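Throughout, protein chains are lettered first and strands after them, A, B, ... in sequence-line order, and every chain is numbered starting at 1. Predicted model, so just to flag it, every value in this text is computed and none were measured.
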Amino acid sequence: MNLDFLAVAPTVVLTAAVVALLLVEVQWSLGHRWWALCAVAGLGGATIAAGVQWALRRGDAGGTFFGDMIAVDGFSAFAGVVLFPLAGLGLMAAWPLARSQGRRGAEFVTLVLVASTGAHLMAASANLVMLFISLEIFSISLYVLAGFTRRRVGADEAALKYFLMGALASALFVYGVALVFAATGTTSIHGIGRYLETTLILRPSILLIGIGLVLVGFGFKVSAVPFHAWAPDVYQGAPGGITGFLASTAKVAGFAALARVLTTAFEVRVDDWAMPVAVVGAASVVIGTLLALAQPDIKRMLAYSSVSHAGFILTALVAGGGGVEAMWFYVATYAVTVVAAFGIVAVVTGPEQGRASLTEFAGLVDRSPLLAGGLALALLSMGGIPLTAGFVGKVGVFRAAIDAGFLWLVVIGVVAAVAALFFYLRVIVLMYMQPAADDGPAGPIAVPAGARFVVVASAVVTVLLGVVPWPLLNWLRDALPI
Amino acid sequence: MTDFPILTSLIVLPVLTALAVMLIPRRRSELVLPVAVSGSLATLGAVGWVLVGFEVGEGGFQFVERVAWYAPWGVGWHLGVDGISLVLVALTALLFPVSLAASGSITHRVRGYAASMLLLEAAIIGVFLSLDLLVFFVFWEAMLVPMYFIIGVWGGERRVHAAIKFFLYTALGSALMFAGLIALALVGGEGGPTFDFVELLGADLTRTAQTWLFLAFGVSFAVKIPVFPLHTWLPDAHVEAPTAGSVILAGVLLKLGAYGLVRFNLTLFPEAAVSLMAPMAALAVIGIVYGGIVAIVQSDVKRLVAYSSVSHLGFVLLGIVALTGPGLQGGVLQMVNHGLTTGALFLLVGMIYERRHTREIADFGGLASVMPIYAAAFLFTAFASIGLPGLNGFVGELFVLVGAFLTLPAYAVIGASGVVLAAVYLLWAYQRMFTGELRVEEDRRLGDLRIGERLILAPLLVLMLVLGLYPKPVLDRIEPSVGVVLERIERVTDHRVPEFGRVEAGP
């Protein structure tokens, strides 16, 4: 068995932080400053470890370790470099929520750290069984986080829905893995790829059903149509503080795992799965956009918009390996704007609250220019307006799809992208062009320091990557799965 | 020529000024407009430098700046100016300080307003100068955001409706262009995609591909121009925008569509351009006549000016699609003329609105007796807009009609009626508002134009006269670049550009 400590370094660092956090809290209950210290040490250390992986193992230097279970390559390292800071941002935005839970706040922080571990392992798994385990580590933490405010029924409902749908998705995924194993005799992601390359399968129906079920499982995780129905309820019901973390990391980890499986294990069968993926992508873009148009609640609106973004990212993946760079750029920049958007929503409507009616955002610019500006920028980036990162993401995604011959998908995509502007603009109109409602809350909003940092950081990243995306695009050429 | 990146600085200067404006503390907001005006004047100065350094008689791109940006996508920072973009950049740089100076009535969030205007200026200049299609598209879309805020935050009563309509129409138009230009970059590049305009000139496109791409780009430009029946966003946006916004919308933004048509559609897809000449000319003529007739019946003078733009831009389009030397020159010249005259008309309407808070023609009467200078300026501008000989509109319209007559005689004849219609709607409006008895009591106390207002209008009026009497300097710069466009069309298609003054004998 080939062992490499570097391969599990991020996981080990985070696990150590989790253990330390729990011990410190149980033994001395030193309070939230120590939680923060543990979280910073854990996520910071994991980011550094992922950075070292990137420096040493990207490109051709990657490999798989621990009996072909964990891959260390540019792909997994980049996933770590994105996911751990993202979790940090999510935690900062969620800090008021964690503190409001008394001593249980330590559990909250613990769960966020465990979820980040699982998310990163999803991107780094080199074996479908390992992938399933990391998926569960990640998902179960998220189910608990979604229902963390125990007393509020809405959150319980959200958590239960999330759990039931997630469990169904996991079951389908495992069944798919079993069928793929039946067809190819291995669960190693590379092994499957090698087998399919060298062997002609005369009756591929078992393999194809297996691939289909794996896709369905991922479809649930990334909330693509027709497996998206849980997303709006969960986003709306979950406490405002944590929704950003939940939405962003689930997308990044889900798409990372999906991309590795599709482009490494099933690359040979690209002609079989490209068309279904394209159809799911087109359906997600169209239905997500149409339903978002009608939402009176900003969290539901962002949930449906996340469905349409899942469709855009699938648009990149129809190009197989050629779309991975585009997928990375899109999902990473989208995740950053989502954390900021939900963070702002949580500040405006309260960290424990689930619902966030659009009317509460009327005249926001007079109550807090920072929040209004940050939300406007995040929404413009999601809408794909130039000079924001979202535009570059869309260019990359569409380029990959046209290159792969899916012009019709791109035409649907651009038209939907314009329709989507309608609901993004509606929020901006409310914030900038209409006065606050008479009976609603008024007066300036105090923005917690954590949320302030999240808003500014996200805005800087969004504009910077919108104006000079080229360095990141260059690096991403190394962020391919081996 | 020095190596100083003068064209980049034309884009950077307004952006820097916008940042400077945002840094002015809130309690010193009286400084905002002067800073913004001086920043845009500095840009005008830089444009002046380009005008002086521009080599007349050269048809190609000058002051070219070219840096490869991201090779795998074939994106580069590629700027250049030719005769066509030169005059339009000059128009833009002139109208911005004028309209910023005329924004004294904006008191609410002045900093945001001035910054939006300056960012808009940077984006518009970027559109005219970009020779990389992706960078062009970035500027093209980026333009929408500040304009959307200018209409939506500082506009009139129905501003939100108008702002959203403007945004969605334009965004929907450019959506297809976006798909089209990515497809073009992938099809047209040799050894990897390229967005570079000059490299794409060498692309070998099939006739079908050209037609589809022509339509994808054309719809986007047609919304901007606006071509009938895609014009319905225009009256709302023009009427609800604040005065400066209307000036920029009519004066510059509409020209971007026509510019795009000349720069990209005629040059990159010549075969499609030749085969689609007649339908485009038909739309142009419908625009001329329809815009004119609708303008006649408007009761709101701002709406009247807005519809007159539809009619005038029909002339521009007719000149362009005629694919003749005089037609294209006239089209480009008419873009400048329309920018000056309609800009001035919107300024004049804004000035009377500030005094009376109404724009209904029926609310005025006999203004000439209390505001003689204002009336004279209005009449002068109206004459220029109608195309009275000796003023700028005449030269442009003459070129357009002559050019159109060479290849599309029937359309030219119908289009000529637009001149008559312009006389009807503008002079009738003048008659109702300015002549006769003073009917309304409030009108008696109206003051005539203040010094500041006169200074704002003066450069526009002077240019109308100068371009009417001696348009040669402008035409000299436009002509070689137009020649390049036509030469290319003759080289790759069977369209032959008839020469003016030499009627070809039949077989």
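When heavy atoms are compared at a cutoff of 4.5 Å, A/Ile385 approaches chain B solely by way of its side chain, counted from C-beta outward. With a threshold of 4.5 angstrom between heavy atoms, A/Val467 approaches chain B through N, CA, C or O but not through any side-chain atom. Interface remark: B/Val75 contributes side-chain atoms only to the contact with chain A (heavy atom separation under 4.5 Å). Residue B/Val153 touches chain A through both its backbone and its side chain, counting heavy-atom pairs closer than 4.5 Å. For B/Leu172, the parts sitting under 4.5 Å from any heavy atom of chain A are the backbone and the side chain alike. With a 4.5 Å cut-off on non-hydrogen atoms, A/Arg477 touches chain B through its side chain but not through its backbone. Contact annotation for B/Ile182: both backbone and side-chain heavy atoms come within less than 4.5 Å of a heavy atom of chain A.
Counting non-hydrogen atoms of other residues, nucleotides and ligands closer than 6.0 Å to CH2 of A/Trp54 gives a total above 12. Taking a 6.0 Å sphere around CH2 of B/Trp77, one finds it holds more than 12 heavy atoms contributed by other residues, nucleotides or ligands.
Side-chain atoms of B/Tyr70 come within 3.5 Å of backbone atoms of A/Leu473 as a donor-acceptor pair (strictly under, hydrogens ignored).
Taking B/Tyr148, B/Phe137, B/Trp154 one by one and counting their heavy-atom pairs under 4.5 Å with chain A, the maximum is reached by B/Tyr148. Highest contact tally toward chain B, considering only A/Asn474, A/Leu425, A/Ile402, is held by A/Leu425 [criterion: heavy-atom pairs under 4.5 Å]. Residue with the most contacts toward chain B among A/Asp403, A/Leu380, A/Val411: A/Asp403 (heavy-atom pairs, distance under 4.5 Å).
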Check the pair B/Trp212, A/Leu407 against side-chain contact (heavy atoms from CB on, under 4.5 Å), reporting the backbone distance first and the verdict last. CA-CA 12 Å; B/Trp212 282 110; A/Leu407 185 62; over 6 Å; no

Show, in sequence, the C-alpha distance, side-chain angles and deciding distance for A/Asp366 and B/Arg109, and conclude whether the side-chain contact (heavy atoms from CB on, under 4.5 Å) test is met. CA-CA 11 Å; A/Asp366 293 324; B/Arg109 293 205 202 115; 3.2 Å; yes

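Ring centers of B/Phe167 and A/Tyr424: at least 6.0 Å apart, outside the cut-off.
Side chains of B/Phe178 and A/Val410 form no contact here, defined as non-hydrogen atoms less than 4.5 Å apart.
In terms of heavy-atom proximity, A/Val418 sits nearest to B/Ala175 at CG2-CB, 3.4 Å. Heavy-atom minimum distance, B/Ala142 versus A/Leu387: CB-CD1, 3.9 Å.
Of the inter-residue distances, the one linking B/Leu186 atom CG with A/Phe398 atom CZ reads 13.0 Å to the nearest 0.5 angstrom. Distance CZ/A/Arg399 to CZ/B/Phe195: 7.5 Å, rounded to 0.5 Å.
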